[in-house]
Each structure stands twice: as structure tokens, then as C-alpha cells.
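Only one structure is covered here, and it is reproduced in the block below.
Nothing here was measured: the structure is a model prediction, and the numbers come from that model. Keep in mind that the numbers below use all heavy atoms, side chains included, and drop hydrogens, waters and symmetry copies.
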Amino acid sequence: LKNAILLEMRGETFYRTVAQTTEDEAVREFFELMADEEAHHQEILSGQLKSLGLGSGFSLNPAFGTTASHVADKVLSATVQERIGAASFEAAAITAAIAMERGAVSLYGARAEATDDPEERRLYSWLTTWEQNHHDELVEMDRALREAAWNDAGFFPY
């Protein structure tokens, strides 16, 4: 749990830093939304750590798994994609974010497989799915940015 909390803290810090550096409002909103979702994960994980510290075991709110990521709407937004240049700082941040999300998927997936506690498995499976969605959405954005750069440069992969 401590590693998971640290991972989410780093993700939140990264996304907030990118949001603060960009000048475009739509791009800033996208990165702020990503940061907010990482903060939400921290809250859930911190609650679990507290519960375990009190000797209560994993104590999940039944509603925690029903919250859906709202990133897809922002990621796939044509406005956001057209405002991020393929060679910009924000595009580089997308590439870095893909690696971060891949790390989260790996950590959470491994923990879900390793535990015998069904509530812990439920928590980590949910986080794995959430982070996989982030990863897939960012990969799609990166693909669109790359294709836009190819089009702008007048060449295409064969």
C-alpha cells in the first residue's frame, strides 16, 4: 500500500506540474483531471492503510468501484489533441505518463494476483482496470499526435 500511495502521489505531482506549465486551458484541464484522479486513488489507498493499521483489514466502501474515469472524454477531445503539438512539452509528458500508468498497472496487477484476501484483490483489480484505461487513453492520444506530426511533415509510415 505504501508503494501504491507513493506511486499515486508522484503521478499527481507530475500531472499538476504539467498542468501548471501549459498555457492552453483545455490541455490544463486535461492534466488537472488526471491529477485529480490520482489524488482520488491516494485517498482510497490511504484509507486502506489506516484501516489495516487499526487491525481492521481491508475495508472497502461498496461504492468505490462504481466511479468511472472521466479522462476518456478529455483525452479523445479533438480540442485537446489539436492543441498539443507533437513535439511539445505536453506531448513529451504524454509519453512519460504512459510509462507511469504502465508501472501502476504492473504494480496493481501483481498485487491483485499475489493476495489471498478477496477485498484486497478487489481493490487492486479495480485500480489495475482504472490505470489500464488511463494507459490506453494516453496511448491513443500519443498515436493521434504522432499521426498529426506525420501528416504535417508530409510523410507516412509504410
Testing the basics here: between [X] and [Y], what is the closest heavy-atom pair and its distance to 0.1 Å?
X	Y	result
E12	A35	CG-O, 3.6 Å
L1	Y124	CD2-OH, 3.2 Å
G109	T128	N-OG1, 3.1 Å

Are [X] and [Y] connected in the hydrophobic side-chain network, where two residues link if heavy atoms are under 4.5 Å apart?
X	Y	answer
V139	F31	yes
L6	L49	no
M9	V105	no

Please report the interatomic distance [atom1]([X]) to [atom2]([Y]), rounded to the nearest 0.5 Å.
X	Y	atom1	atom2	answer
L127	L45	CG	CG	5.5 Å
I44	L123	CD1	CG	7.5 Å
R10	L7	CZ	CG	7.5 Å
N3	L107	CG	CG	6.5 Å
E101	S106	CD	OG	12.5 Å
M34	F14	CE	CZ	9.0 Å

message = D136 vs Q132, test: side chain to side chain donor-acceptor pair (under 3.5 Å). Steps then yes/no.
response = CA-CA 6 Å; D136 294 348; Q132 185 66 53; 2.8 Å; yes
task = Take H41 and E131, measure what side chain to side chain donor-acceptor pair (under 3.5 Å) needs, and give me the verdict at the end.
result = CA-CA 10 Å; H41 296 168; E131 301 295 353; 2.9 Å; yes
query = Given E120 and R111, is the salt bridge (Lys or Arg N to Asp or Glu O under 4.0 Å) satisfied, shown in steps?
reply = CA-CA 8 Å; E120 183 179 9; R111 191 61 215 147; 2.7 Å; yes
Do side-chain atoms of [X] reach the backbone of [Y] as a donor and acceptor pair under 3.5 angstrom?
X	Y	result
S51	G57	yes
T115	A112	no
S46	Q42	yes
S125	R121	yes
T22	V18	no

query = Can I94 and F89 be said to form a side-chain contact (heavy atoms from CB on, under 4.5 Å), step by step?
reply = CA-CA 9 Å; I94 296 293; F89 171 73; over 6 Å; no
request  = Could you please spell out the steps behind the salt bridge (Lys or Arg N to Asp or Glu O under 4.0 Å) verdict for D24 and R28?
outcome  = CA-CA 6 Å; D24 186 271; R28 181 176 11 276; over 6 Å; no
ask   = Does H135 have its ring centroid less than 6.0 Å away from the ring centroid of W130?
value =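 No.
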key: side-chain contact (heavy atoms from CB on, under 4.5 Å) evaluation trace for M100 with Y15   = CA-CA 11 Å; M100 282 187 349; Y15 291 129; 3.9 Å; yes
query = Given Y108 and T129, is the side-chain contact (heavy atoms from CB on, under 4.5 Å) satisfied, shown in steps?
reply = CA-CA 9 Å; Y108 298 152; T129 299; over 6 Å; no
task = Could you walk me through whether E38 and H134 pass side-chain contact (heavy atoms from CB on, under 4.5 Å), step by step?
result = CA-CA 11 Å; E38 301 302 307; H134 281 177; 3.5 Å; yes
